[in-house]
Number of protein chains: 2
Amino acid sequence: MCDSPEETLRWKAIANALRSELAEGRNSPGDKLPTEAALSAHFGVNRHTVRHGFSVLIDEGLVRTRRGARAYVAATPNDYPIGQRIRFHENLITAGRQP
Amino acid sequence: MCDSPEETLRWKAIANALRSELAEGRNSPGDKLPTEAALSAHFGVNRHTVRHGFSVLIDEGLVRTRRGARAYVAATPNDYPIGQRIRFHENLITAGRQP
DNA sequence: TATGATTTGTACGTATGTATT
DNA sequence: TAATACATACGTACAAATCAT
């Protein structure tokens with residue numbers, strides 16, 4: 001009942017995986033993340049799917065990207081716990097489901 | 001100089017164009033927007049470019065989308081004037097430019 | 001109610017531009 | 001200067017939800 005196929009979406013699974021990585025605490029703000037190409041290979045997905053997942057973390061303020069430079073950690077989930085609450089964008093989308 | 005090539009980006013130009021349309025006041029919350037295909041043809045761009053522009057308005061809370069259904073107006077810029085201030089996402093990105 | 005058409009969502013692929021390293 | 005890496009934008013295909021008949 002009420003199956004939530006959230007994890008079946010690759011971009012969302014990648015976002016969750018990366019967020020968990022940051023929550024582990026082994027990364028500090030300023031640390032560089034792997035390249036899109038490296039993450040694509042690691043997750044076995046297209047580069048754009050990685051970018052889609054990245055956009056979630058960017059909107060959450062956890063990660064920042066700059067053209068030409070590697071993405072880096074802007075904050076960790078522990079800094080200001082958003083926990084299960086997802087980004088604004090997500091809220092709007094899921095809210096759209098309600099009648 | 002200091003040219004700000006904000007308008008040269010198609011997805012941003014489309015977002016601005018659609019936002020201006022909503023600001024005109026001829027649309028009310030609940031009104032349906034043209035389909036992605038129609039907007040693609042109208043702006044002469046790919047469907048994904050339209051979707052990219054849409055994501056801006058979605059994050060601003062002006063538009064909502066549901067799979068299978070047309071996008072509809074959730075609010076108008078006049079409802080809560082954001083004016084020149086761009087969405088959170090944009091702020092993060094542009095903030096990334098600063099040293 | 002049921003079926004088919006419409007429309008958005010996801011995912012992959014490719015090419016080129018532009019900033020950083 | 002050259003290599004690296006992200007950003008934009010085109011394209012294709014299929015899945016899934018909605019709408020219309």
Side-chain angles (χ1 to χ4, degrees), chain A residues 2-18 30-59 63-74 86 89-90 92-99, chain B residues 2-18 30-59 63-74 86 89-90 92-99:
Chain A
C2 294
D3 66 321
S4 51
E6 318 260 325
E7 302 307 311
T8 66
L9 297 180
R10 311 223 207 195
W11 63 266
K12 195 170 291 192
I14 290 172
N16 291 340
L18 293 176
D31 286 1
K32 282 173 185 158
L33 275 65
T35 66
E36 292 176 354
L39 291 170
S40 299
H42 178 261
F43 289 108
V45 298
N46 189 274
R47 183 189 148 210
H48 294 310
T49 305
V50 170
R51 287 175 59 76
H52 194 167
F54 255 77
S55 73
V56 178
L57 305 181
I58 291 172
D59 275 7
V63 168
R64 287 198 195 173
T65 59
R66 282 153 63 224
R67 167 184 254 161
R70 299 255 295 276
Y72 63 92
V73 180
I86 317 299
H89 189 73
E90 281 307 297
L92 293 176
I93 287 180
T94 52
R97 288 189 180 179
Q98 313 286 9
Chain B
C2 290
D3 66 322
S4 52
E6 317 260 326
E7 302 306 310
T8 67
L9 297 180
R10 311 223 207 195
W11 63 266
K12 196 170 290 194
I14 290 172
N16 291 341
L18 293 175
D31 286 1
K32 282 173 185 158
L33 276 64
T35 66
E36 291 176 356
L39 291 171
S40 300
H42 178 262
F43 288 108
V45 299
N46 188 274
R47 181 189 150 208
H48 294 309
T49 305
V50 170
R51 289 174 58 77
H52 194 167
F54 256 76
S55 73
V56 178
L57 305 181
I58 291 173
D59 275 5
V63 168
R64 288 198 194 171
T65 59
R66 284 153 62 224
R67 168 185 254 160
R70 301 254 295 276
Y72 63 94
V73 180
I86 318 298
H89 188 73
E90 280 308 296
L92 294 176
I93 288 180
T94 52
R97 286 189 180 179
Q98 314 285 10

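This structure is a prediction, so every number in the text was calculated from the model and none was measured. Naming: A, B, ... by sequence-line order, numbering from 1 per chain.
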Identify, with sequence neighbours excluded, every residue that meets salt bridge (Lys or Arg N to Asp or Glu O under 4.0 Å) alongside B:Arg70. none
With sequence neighbours excluded, tell me which residues meet side chain to side chain contact (heavy atoms under 4.5 Å, CB included) with A:Ala41. none
What pair of heavy atoms forms the shortest contact from B:Arg47 to B:Ser40, and how long is it? CA-OG, 3.1 Å
Counting side-chain heavy atoms from CB outward, which of D:dT8, C:dT21, C:dT8 is closest to A:Arg66? C:dT21
Distance-minimising heavy-atom pair for B:Ala15 and B:Leu57: O-CD2, 3.7 Å
Nearest whole Å is fine: how far is C:dT10 P from A:Arg10 CZ? 13 Å
Quick check for you: to the nearest 0.5 Å, what is the distance between A:Asp59 atom CG and A:Phe54 atom CZ? 13.5 Å
Between P on D:dC6 and CD1 on A:Ile58, what's the gap in Å once rounded to a whole number? 11 Å
What is the distance, to the nearest angstrom, from the CZ atom on A:Arg67 to the C1' atom on D:dT4? 14 Å
Separation of atom OH in A:Tyr72 from atom C1' in D:dT4, rounded to whole Å: 18 Å
Is the phosphate of D:dA7 approached by A:Arg51 (side-chain N or O, under 4.0 Å from OP1 or OP2)? yes
B:Leu39 and B:Ile14: side-chain contact (heavy atoms from CB on, under 4.5 Å), yes or no, with the steps? CA-CA 9 Å; B:Leu39 291 171; B:Ile14 290 172; over 6 Å; no
Could you tell me how far apart B:Arg64 (CZ) and D:dT18 (P) are, to the nearest whole angstrom? 15 Å
Paired with D:dA9: which nucleotide, if any, by Watson-Crick or G-U wobble criteria at under 3.5 Å for both distances? C:dT14
Expressed in angstrom and rounded to an integer, what is the separation of B:Leu33 atom CG from D:dT18 atom P? 18 Å
For DNA chain D, find the residues of residues 34-49 of chain B with a heavy-atom distance under 4.0 Å and give them by number; none if there aren't any. B:Val45, B:Asn46, B:Arg47, B:His48, B:Thr49
When the distance from CG of B:Leu9 to C1' of D:dC10 is rounded to whole Å, what number comes out? 15 Å
Please step through side-chain contact (heavy atoms from CB on, under 4.5 Å) for the pair A:Arg66 and A:Tyr72, ending with a clear verdict. CA-CA 9 Å; A:Arg66 282 153 63 224; A:Tyr72 63 92; 4.1 Å; yes
Protein-nucleotide distance (B:Lys32, atom NZ; C:dT8, atom C1'), rounded to Å: 14 Å
